[in-house]
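Structure record follows, encoded as structure tokens.
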There are 2 protein chains.
Amino acid sequence: MKIELRQIRQFLAVAETLNFRRAAENLALAQPALSRGIQLLEHQLGVSLLKRNNRRVELTPAGEVFRNGCYSLMKDLEETARKARKAQSGELGRLAIGYTDFAISGVLPGVLDRFRRAFPDIDIELTYGSTRQQLDDLAIRRIDIAFVTKPVDAFGITTLPVQRDRFVAVLPSAHPLAQLAQVEIRDLADEPFIVGVMARWSHYRRHLDALCLKAGFSPRIVQEAYNTEGIFGLISANMGVTIHLECAANYVRSGVAIRPLGGTDDTIVTAAAWRPAEPGSVLSRFVDFLQTVPAE
Amino acid sequence: MKIELRQIRQFLAVAETLNFRRAAENLALAQPALSRGIQLLEHQLGVSLLKRNNRRVELTPAGEVFRNGCYSLMKDLEETARKARKAQSGELGRLAIGYTDFAISGVLPGVLDRFRRAFPDIDIELTYGSTRQQLDDLAIRRIDIAFVTKPVDAFGITTLPVQRDRFVAVLPSAHPLAQLAQVEIRDLADEPFIVGVMARWSHYRRHLDALCLKAGFSPRIVQEAYNTEGIFGLISANMGVTIHLECAANYVRSGVAIRPLGGTDDTIVTAAAWRPAEPGSVLSRFVDFLQTVPAE
DNA sequence: TCGATTGATGCCTTCTTGTTATCACCGGGT
DNA sequence: ACCCGGTGATAACAAGAAGGCATCAATCGA
């Protein structure tokens with residue numbers, strides 16, 4: 001069975017007009033060629049598709065079934081071609097994105113939402129991971145792009161800042177300092193600290209240590225948790241305080257107060273990071289999107 | 001865009017082997033022809049589907065997308081051809097069937113079940129109607145085949161008996177006659193009768209009148225209902241009795257007793273009835289089925 | 001560095017596809 | 001009753017596309 005699309009197009013034209021001459025005209029074709037094409041098709045299928053009364057043409061029941069099938073077949077072909085073109089231009093495919101607590105608390109959700117609206121045919125696969133973990137995942141191509149905490153020291157990685165957070169103090173609501181509109185960093189010198197575990201938060205822990213050192217103290221760590229939610233939970237349990245980023249303001253948790261941190265102007269930058277993107281790839285689409293449609 | 005299936009077949013062959021020479025061999029084709037075919041396809045699509053390293057061939061992401069699309073496209077084409085063939089042989093299509101109370105209480109459900117298993121691609125459309133109504137529907141082609149109560153007096157209609165029922169007495173459970181294992185017909189002579197309305201049951205009413213007349217009485221009708229369920233409902237309400245067919249045994253209704261009717265050997269025949277079926281039609285399939293796979 | 005293997009290219013052949021001219025058939029108008 | 005306009009089918013021929021053969025350039029492995 002070596003049916004060709006030409007024959008199907010011919011058949012559809014005839015099925016539409018129920019008139020060989022007009023159908024041939026629509027196909028920019030002489031009528032005899034059309035007659036033979038249809039005959040061949042019928043022979044190849046082993047099915048008579050049209051009933052010719054030498055005066056009027058009508059579809060047989062089988063012809064009607066075949067017409068419906070061919071109709072959606074042609075639609076599917078167009079769709080397939082369209083998708084291939086989209087895939088080539090990077091508008092269709094899969095994109096694996098890594099993210100940190102800070103990114104997902106900050107600009108990332110909005111970015112993703114807008115990107116998915118702009119490119120609905122791109123499947124996004126999200127993976128949580130520390131900055132260190134994500135840079136490794138980038139290297140072995142487990143993810144296409146990472147949202148990590150600066151600085152990024154890796155070769156062949158391009159970065160683009162997408163978020164800049166000031167520090168905030170996070171306290172139990174009942175804590176005396178929670179009465180103030182702003183907490184000075186040195187007021188926290190003697191407080192018990194709750195921070196993220198080294199395995200996942202080493203990057204931020206370095207920033208935090210540096211910040212406290214500048215303020216003249218080293219934080220007394222009494223508890224560690226795996227993520228922001230865990231840290232906040234321990235704080236609401238009155239176990240201590242922490243210094244976090246203003247993006248945490250998106251977390252609403254009863255029993256926890258967030259206050260601007262005075263005595264420092266330092267900020268933490270979250271950046272997108274990726275290996276060189278080949279032109280026309282899904283990744284390059286995403287990077288373009290990040291650069292042209294930045295913070296919203 | 002005048003892509004041909006030949007090109008798609010060629011592309012699929014290459015996508016499978018990732019080797020032009022072997023693919024060409026599979027297609028019973030020289031390698032250069034294949035190269036040109038694929039080039040043409042890529043040009044027509046405006047998409048590069050394959051990455052040739054002059055040493056190894058691999059699919060581009062777009063090529064992968066296109067391959068998947070083409071794969072299901074070819075499947076759909078085969079399926080469409082298969083369906084057309086089925087439609088031609090009457091194994092696919094729509095069949096409108098009419099039925100009476102007696103038919104649906106008797107053999108029809110079993111017949112339909114077995115037919116649908118044998119021909120799963122035939123849509124069956126069922127319509128309830130009296131014998132009279134169904135013969136009219138046959139005439140105007142609203143139904144393809146009818147299951148009616150004999151006799152059938154209509155021109156150009158073929159009939160095939162499918163069911164033969166003896167009469168039964170139907171009584172309230174509390175009725176004295178319900179104590180007996182069998183009820184004699186003349187014992188019902190003075191009982192109040194509940195029967196179907198003339199508009200729908202005229203055919204059976206004639207049979208019933210003839211039966212009673214032979215037994216020497218004319219039934220005293222006190223209530224009429226539209227269908228068997230209605231009749232049985234009124235009987236369970238102790239409003240009277242009726243003479244029905246043994247197929248009604250399939251109805252289980254508390255408060256109603258069904259007993260063989262003595263004093264007569266008459267039967268009522270239910271038959272399939274249809275207009276001449278053109279060969280290869282869905283109807284002819286069904287008729288063949290009825291004749292070869294009868295009562296089971 | 002050389003040989004083997006890959007896909008691409010140029011040229012020619014072949015066969016499919018399409019065109020023109022014509023036929024047989026049917027319906028409607030005169 | 002007849003003819004004319006329109007239908008799809010057929011035959012012979014022309015055009016073009018698809019395929020085959022010989023060969024090239026690039027790459028990999030020994």
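In what follows, chains carry the letters A, B, and so on, assigned in the order in which the sequence lines appear, proteins first and then strands, with residues in each chain numbered from 1.
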Of all residues at least two apart in sequence or in a different chain, which pass the salt bridge (Lys or Arg N to Asp or Glu O under 4.0 Å) check with B:Arg22?
none

Starting at atom CZ of A:Arg52, determine the distance to atom C1' of D:dA9, rounded to an integer number of angstrom.
9 Å

Considering only NZ, NE, NH1 and NH2 on the basic side and carboxylate oxygens on the acidic side, decide whether A:Glu78 and A:Lys75 come within less than 4.0 Å.
no

Taking B:Pro151's backbone N and O only, do any of them form a donor-acceptor pair with B:His203's side chain (distance below 3.5 Å, no angle check)?
yes

Taking only residues two or more places apart in sequence or in another chain, which ones pass salt bridge (Lys or Arg N to Asp or Glu O under 4.0 Å) with A:Arg205?
A:Glu224

Figure out the CZ/P separation between B:Arg9 and D:dA18, and round it to whole Å.
13 Å

Residue-phosphate contact under 4.0 Å: B:Gln39 side-chain N/O, C:dG7 OP1/OP2:
no

Nearest whole angstrom, please: distance from the P of C:dG7 to the CG of B:Leu27.
13 Å

Is the phosphate of D:dA9 approached by A:Ser35 (side-chain N or O, under 4.0 Å from OP1 or OP2)?
yes

In this structure, how many angstroms lie between the P atom of D:dA9 and the CD1 atom of A:Ile38, rounded?
9 Å

Can you pull out every salt bridge (Lys or Arg N to Asp or Glu O under 4.0 Å) where at least one residue sits in residues 10-21 of chain A? Sequence neighbours excluded, please.
none

With sequence neighbours excluded, what pairs up with B:Phe20 under the ring pair (Phe, Tyr, Trp, His ring centres under 6.0 Å) test?
none

In whole Å, I'd like the distance from the NZ atom of A:Lys51 to the P atom of D:dG8.
16 Å

Would you list the pairs meeting ring-ring contact (aromatic ring centres under 6.0 Å, His included) in which at least one residue belongs to residues 70-93 of chain B, sequence neighbours left out?
none

Salt bridge (Lys or Arg N to Asp or Glu O under 4.0 Å) involving B:Lys83 - partner list, sequence neighbours excluded
none

Would you indicate whether B:Arg52, at its atom CZ, is surrounded by more than 12 heavy atoms from other residues, nucleotides or ligands within a distance under 6.0 Å?
yes

Paired with B:Glu42, the side chain to side chain contact (heavy atoms under 4.5 Å, CB included) test is passed by just one of B:Val47, B:Thr60, B:Leu50, namely B:Leu50

If you take any heavy atom closer than 4.0 Å to DNA chain D, which residues from residues 15-25 of chain A end up in contact?
A:Asn19, A:Phe20, A:Arg21

Specify the angle, to 10°, made by the local axes at the two ends of the helix from C:dT1-D:dA30 to C:dT30-D:dA1 when five pairs are taken at each end.
20°

Side chains of B:Gln31 and B:Glu25: any donor to acceptor distance under 3.5 Å?
no

For B:Tyr128, the ring pair (Phe, Tyr, Trp, His ring centres under 6.0 Å) test, sequence neighbours excluded, returns B:Tyr99

Between the protein and nucleotides 25-29 of chain D, which nitrogen or oxygen pairs come in under 3.5 angstrom?
| unit_1 | atom_1 | unit_2 | atom_2 | d |
| --- | --- | --- | --- | --- |
| D:dA26 | O4' | B:Asn54 | ND2 | 3.1 |
| D:dT27 | O2 | B:Arg55 | NH1 | 3.4 |
| D:dC28 | O4' | B:Arg55 | NE | 3.3 |

Salt bridge (Lys or Arg N to Asp or Glu O under 4.0 Å): pairs with one or both residues in residues 56-65 of chain B, sequence neighbours excluded:
B:Lys51-B:Glu58

Restricting to nitrogen or oxygen on both sides, can you table the protein-nucleotides 15-19 of chain C pairs closer than 3.5 Å?
| unit_1 | atom_1 | unit_2 | atom_2 | d |
| --- | --- | --- | --- | --- |
| C:dT17 | OP1 | A:Arg6 | NH2 | 2.4 |
| C:dG18 | N7 | A:Arg36 | NH2 | 2.7 |
| C:dG18 | O6 | A:Arg36 | NH2 | 3.1 |
| C:dT19 | OP2 | A:Ala30 | N | 2.6 |

